[in-house]
Amino acid sequence: MLALKKKTAALLAVCIADKFGEGLLTEDEIFGMLEYPPDKNMGDLALPCFRLSKTLRRSPVDIAKTLKDSFFCEEFSEVSALGGYLNFKISPSKFARRVVTDVLTHGEKYGSGMTGEGKTVVLDYSSPNVAKPFHIGHLGTTVIGHSLKLLHEFEGYKCVGINYLGDWGTQFGKLIVAYKLWGDKKTIEEGGVDELVKLYVRINNEIKAEEEASGDSKHSDLGDRSRAEFAKLEHGDGENLELWRWFVSVSLEEYEKTYRQLGIEFDSYKGESFYTDKMPAQVEKLRNMGLLELDDGASIVNLEKWNMPVCLILKRDGTTLYPTRDIAAAVYRYDTYKFDKEIYVTSAAQSLHFAQWFKVVELMGYEWHDKLVHVPYGTVSINGAKLATRTGNVILLKDLFREAIARVAEITREKHPDEAECMEIAEKVGVGAIVFYYLSNNRMRDINFMMEDALSFEGNTGPYVQYTYARTCSVLERVTGDVAMTEAELSDVEFELAKTLSVFPERISAALAEYEPSIVTRYILDLAAAFNRFYHECKIVTCEDEALKSSRVALTKAANTVLKTALRLICMQTPDKI
Ligand code: ARG
């Protein structure tokens with residue numbers, strides 16, 4: 001559609017200049033004004049003439065009529081003037097031929113504008129906190145983040161995906177104490193991160209109990225011991241360092257299983273610990289620039305002028321904080337990657353944190369401060385239940401996936417008795433169902449996850465779109481020889497399918513511009529609906545008219561190609577059979 005819109009805008013520009021004089025509207029402005037009429041009986045594209053009406057002091061109806069009489073473009077079968085709009089009807093067959101040929105020529109590259117060539121984007125996403133549960137609250141950062149990476153790669157950007165592991169901090173002091181008191185090597189080797197989480201939950205509960213018993217919410221014996229162990233770790237104590245490394249690797253092994261199910265790989269796992277020795281230089285710079293102020297013993301940057309609370313840089317005891325580390329990490333990443341953009345995907349609860357340290361980086365005079373982008377998202381609950389992290393009352397991502405896979409397997413087993421094959425499909429469909437459900441909404445919307453709805457094969461779900469994709473595969477399996485569009489006349493459903501295929505590049509641009517993978521998800525639903533309508537109304541492989549059959553097969557191939565690309569871009573797999 002983009003190509004046709006551009007062509008129409010260019011022709012209209014000439015036409016308007018000719019009829020009403022030069023310099024009224026540029027080609028780009030006209031392009032921006034072109035609309036898709038709400039009712040396709042009016043036309044497939046329309047130019048509203050109201051803006052021109054103001055400048056020309058003529059009625060929009062009159063302007064539309066004048067333009068209609070002098071406009072010609074062979075792509076349109078009809079041009080009409082209606083209520084201040086100039087409406088264009090596309091010649092279906094010609095248009096479909098051009099679109100489908102375009103898709104088939106570009107294959108899996110169709111839809112990419114390649115505007116990112118020569119540019120680098122760093123993406124910071126997923127980033128779970130080691131030894132704390134990897135729960136459904138992380139689904140957002142993981143799949144939105146990875147989808148944004150895939151979208152940028154598709155657009156030609158060089159991308160660096162960073163998992164900024166929460167692998168440093170006082171929780172390790174707690175974990176070391178808990179392990180020394182109650183832990184056991186073998187249990188953890190066998191049970192993995194779940195056992196670490198158990199220890200972590202237990203020590204938190206016991207600290208709380210101690211505090212409640214003493215009535216002192218700041219001190220407890222276990223709390224003090226945890227702080228001491230963390231201090232030892234920070235000073236390089238051998239035993240604690242070894243334990244810490246082990247905790248991190250046990251956790252990573254677990255996360256990687258989940259990432260594999262989602263088809264996610266990271267380019268870097270440099271977590272918080274990596275920046276420990278990179279913070280002092282930034283604190284120094286802040287101090288030398290006179291940006292640090294003392295506030296009740298802590299070092300802060302005052303952000304009052306920008307209507308934000310102070311940004312904490314050093315605690316009273318001189319230890320660093322979350323913002324300090326993010327600043328050091330951004331400096332390191334800019335020096336390393338010279339990024340054109342750095343994207344952070346986290347829950348909206350962290351929006352203030354990002355706004356604050358982005359401002360600090362600006363005040364520090366880093367000229368790349370405007371290349372930092374925070375992409376927030378809303379909260380997730382499951383079947384109506386809210387999550388609580390500290391108490392261990394959480395739904396783990398891997399359990400959610402496991403349940404989805406098991407439920408899908410029950411259905412798949414009927415058609416695919418071979419267990420290995422059944423499980424392979426069930427994993428792709430089960431995990432895909434959750435991803436699709438999650439990415440169906442605008443990212444800022446709070447989501448209540450309903451398992452039943454996500455797994456349904458009916459309605460706007462992952463299984464439904466994957467099934468549609470498998471359907472295109474099974475049609476294509478039954479044809480041999482070249483696939484090409486012919487001169488055959490096409491009907492409405494075929495034209496609608498071609499039109500849907502044609503807007504894919506625009507949707508990709510919008511998804512990138514708004515950092516919104518759900519635009520792709522919704523596009524997939526449009527495309528699946530258009531294909532299914534076509535599939536139900538038109539004979540494809542059994543069509544007797546050879547020319548028409550060829551065009552229909554080509555349409556199917558184009559739908560197959562675009563569905564595959566689009567699903568891949570939102571982290572979904574595309575099994576050929578379901
Ligand atoms: N580990 C953090 C959390 O789980 C998210 C880190 C986000 N990235 C960052 N650069 N701050 O809340």
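All residue numbers refer to positions in the sequence shown, counting from 1. Indexing begins at 1, ligand by ligand and atom by atom, following the structure's order.
Between Tyr125 and Phe266, a ring centre-to-centre spacing shorter than 6.0 Å is recorded. Checked against the 6.0 Å centroid criterion, the rings of Tyr332 and Tyr275 qualify as a close aromatic pair.
A salt bridge is absent between Arg407 and Glu410: the closest approach of a Lys/Arg side-chain nitrogen to an acidic carboxylate oxygen does not fall below 4.0 angstrom. Salt-bridge annotation for Glu424 and Lys428: present, with a side-chain N of the basic residue lying under 4.0 Å from a carboxylate O of the acidic one.
Within the 4.5 Å cutoff, the side chain of Tyr344 has no heavy atoms near those of the Gln350 side chain. No side-chain heavy atom of Glu239 sits under 4.5 Å from any side-chain heavy atom of Glu242.
At least one N/O-N/O distance between Ser127 and ligand 1 falls below 3.5 Å. For ligand 1, the polar-atom distance check against His353 finds no nitrogen or oxygen pair separated by under 3.5 Å.
Interface atoms of ligand 1 facing Gln350, defined by a heavy-atom separation under 4.0 Å, are 3 (C), 12 (O). Interface of Thr346 with ligand 1, defined as ligand atoms under 4.0 Å from a residue heavy atom, comprises 7 (C). Every atom of ligand 1 with a heavy atom of Asp124 under 4.0 Å away is listed here by number and element: 7 (C), 8 (N), 9 (C), 10 (N). Which parts of ligand 1 touch Tyr164 is read off a 4.0 Å heavy-atom cut-off, strictly below it: atoms 8 (N), 9 (C), 10 (N), 11 (N).
Contacts between Phe354 and ligand 1 below 4.0 angstrom, taking non-hydrogen atoms only, involve the side chain exclusively. Looking at Asp326 against ligand 1, only its side chain comes within 4.0 Å, counting heavy atoms.
Checked against salt bridge (Lys or Arg N to Asp or Glu O under 4.0 Å), Asp340 has no partners two or more places apart in sequence or in another chain.
Taking each of Tyr125, Tyr344, Trp357, Tyr322 in turn, the one with a heavy atom nearest to atom 5 (C) of ligand 1 proves to be Tyr322. Closest heavy-atom approach to atom 1 (N) of ligand 1 within the set Ile162, Asp167, Asn129: this belongs to Asn129.
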